[in-house]
Amino acid sequence: MPSSNRIADAFAAAKAQSRPALVAYLTAGDPSPARSASLALALNRGGADVLELGVPFSDPVADGPVIQQASDRALKAGTNVRRVLEIAAEIRRQSALPIVLFSYLNPLMRYGFDALARDARDAGIDGCLLTDLSVEEAAGPVSKLRAAGLDTVFLAAPTSTDRRLKLVSELSSGFVYVVSRTGVTGERSDVAASVEPLVNKIKSMTDKPLAVGFGVSKREHVAAIGGYADGVIIGSAIMRIIEQHGHAPDLESRLEQFMRTLSGKEDSPR
Amino acid sequence: MSNDPIQQPDSGGHFGPYGGRYVPEILMAPLEEIERAYADARQDPAFQAELADLLAHFAGRPTPLYECRRLSENLGGARIFLKREDLLHTGAHKINNCLGQVLLARRMGKTRIIAETGAGQHGVATATVCALFGLECVVYMGEEDMRRQRLNVFRMRLLGARVESVTSGSRTLKDAVSEAMRDWATNIEDTHYLLGSALGAHPYPMMVRDFHRCTGDEARRQITEQAGRLPDMIVACVGGGSNAIGIFTAFIPDTQVSLIGVEAGGRGLTTGDHAARIAGGSPGVLQGAYSYLLQDNDGQVSLTHSVSAGLDYALIGPEHAWLHDQGRARYTNCTDSDALSAARTLARTEGIIPALESSHAVAEAIRLAPEAASKIILVNLSGRGDKDTDIYRENFPELDTPDAQ
């Protein structure tokens, strides 16, 4: 049982408004750890319903150049797991925004899953997604995270077999992250059409919320995915703004405005 | 979970706690596809026959086992034998695995092959088998390694491969692996990732070991014929650990035979500039596998250093981690300068210029031999030194002047 129902509540609230939940990814520590909470809150003001707070890693094999470079900048700025947890706590003091800790396995393994589960819960984190933790290897970490009341989110991919999709759905709580296409993270002009049948297939296996990510960068994408999925995940498009305007004083308002554009909040305030 | 090293790994690819499958979900289905195809091919006499034919007539197996009489005499102790994998086509053991995997890729209907390379030996071997079968070939290589191994870059291009320069991270082997994994995740449909060492997610460590075990199988027969008994020690260098596991495997049940892996000691362990994972690392996950990893306190992967690009990698192959924990193999390390010096010694006493990687194993044999009278040391000479000529020139400037002796 999650200690909070913040993630589930966010998806339910969006559904009640007949719109997809917006999940915003932010690499913690880019451009600096001191600024991350403020950037997260800006994303929230612009319409983010859930935050994926990324732990930077030296070897991000699942990421394209934008998030690779964000990771590099965050590491150079001195970000580590402990600092990411402090950032989460800082966000939690100011907002009820659900937070999913998004990480490669090794930094958290090094921190230790017993300590991590406890400290993440204490920091107000709601769930955890481990990019390179396959469902086959997940039993240990999942039991520790769940025992601390944290949700565990797993990835479903276009290449996943039905057997794997079932395992992913079963082990996921909070939501299932549906990867829209093969490849690595990064913006695309179009979102793969093949993701809709994939979402529908997973829907037949679970009633957990399904959020689609990889390649989402425009309002049209959000609208289209919102037609069949419960949530939309935006990552590289956000990190590109930070890459381009990391030192601009108005970075927060740029991020807020970008989220408003994606959510359609600018034309129809809710 | 079996404790018997020869029955490793389990069905999930675990060698004790090590190995496994730690990759993004996108790559799980292709790994399962390879696992199925390999399980099928392994038992298919036609596959094994085609592979055996290529190993014999294309690659040049069996390779000789050669006794270093002058070197042994000079050291005044053990008899040193070399397993001459350096005499294989393309100049290193890497061709064994490449032939096996390219046949498997064809069986799976893949038309495009990608690979990573450090020293360039695996890249050259991959480019070679792709030329042999007319397959598209892309090799990822760190920018720093391309500089260090210019000759191999050219050889790959001559063979028709495209060499992609990797400019992220430390610009060496681990970054090339990351780029290859990203390419694979993008092009799963038509692409096989021809991973070059006993690394990565299951089934690679097992499959790569199996394709290299011919080295140890041959050496076991040969030493029995030539010396009338098994060796006392087997010494091999360990980057990912493919040549080492290739020669160790046949001898694992022979518990009287010491298995010794030599990692890159770089500029010395105290400097931090090395790739000695067993001595200086701790268990962690990198690029698909759980094993001993050079990492900092925050779980970030450390930058490694070795004069030899092929040993310059932050994770040791998972089966080696298990052999270490079990006490079945012992892992030591050798500095850049000892490896360089061993290369010169071998060149001058036996007329064999070894690859810098293999020179680490030679250096360990040179260190052990004087104290090992009447013992037999078998060294896996995994590659030849032609590719390292530039580095030898840089390090032996006294031989590179017009009036040098």
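Just so we're on the same page: letters track the sequence lines, and every chain starts at 1.
- Residue B:Glu179 touches chain A through its side chain alone, counting heavy-atom pairs closer than 4.5 Å.
- For the side-chain contact (heavy atoms from CB on, under 4.5 Å) with A:Ser58, the qualifying choice from B:Asp296, B:Asp175, B:Val301 is B:Val301, the only one to do so.
- Only one option out of A:Leu75, A:Asp59, A:Thr79 pairs with B:Gln300 in a side-chain contact (heavy atoms from CB on, under 4.5 Å); it is A:Leu75.
- Counting heavy-atom pairs closer than 4.5 Å to chain A, the top-ranked of the candidates B:Val177, B:Asp183, B:Asn297 is B:Asn297.
- Of the two parts of A:Phe57, the backbone and the side chain both hold a non-hydrogen atom closer than 4.5 Å to a non-hydrogen atom of chain B.
- Looking at A:Val168, the atoms closer than 4.5 Å to chain B (heavy atoms on both sides) all sit in the side chain, from C-beta outward.
- Contact of A:Leu130 with chain B is not made at all, since no heavy-atom distance falls under 4.5 Å.
- Side-chain polar atoms of B:His14 and A:Glu137 form a donor-acceptor pair below 3.5 angstrom.
- Proximity to chain B (any heavy atom under 4.5 Å) is restricted, for A:Leu105, to the side chain, taken from C-beta onward.
- Of all the heavy atoms in A:Thr159 and B:Ala29, the pair that sits closest is O-CB, 3.0 Å.
- Using a distance-only test at 3.5 Å, with no hydrogens or angles considered, no donor-acceptor pair links the side chain of A:Arg82 to the main chain of B:Asp298.
- Nearest heavy-atom pair across A:Arg110 and B:Gly299 is CG-N, 3.5 Å.
- Within residues 26-34 of chain A, no residue has any heavy atom less than 4.5 Å from a heavy atom of chain B.
- Neither the backbone nor the side chain of A:Asp72 comes within contact range of chain B; no heavy atoms are under 4.5 Å apart.
- When the heavy atoms of residues 175-182 of chain A are compared with those of chain B, the residues falling under 4.5 Å are A:Val179, A:Arg181, A:Thr182, listed by number.
- Near-neighbour residues of residues 20-27 of chain B relative to chain A, defined by a heavy atom under 4.5 Å from a heavy atom of that chain, comprise B:Gly20, B:Arg21, B:Tyr22, B:Val23, B:Pro24, B:Glu25, B:Ile26.
- For A:Arg163, the part lying near chain B is the side chain, with the backbone staying farther off; criterion is any non-hydrogen pair under 4.5 Å.
- Of residues 272-293 of chain B, those residues lying under 4.5 Å from chain A by any heavy-atom pair are B:Ser282, B:Gly284, B:Val285, B:Leu286, B:Gln287, B:Tyr290, B:Leu293.
- Among B:Glu32, B:Glu189, B:Met181, the residue with the largest count of heavy-atom pairs under 4.5 Å with chain A is B:Glu32.
- For chain B, the nearby parts of A:Pro60 are the backbone and the side chain; heavy atoms of each come within less than 4.5 Å.
- The side-chain heavy atoms of B:Arg182 and A:Gln68, taken from C-beta on, include a pair separated by under 4.5 Å.
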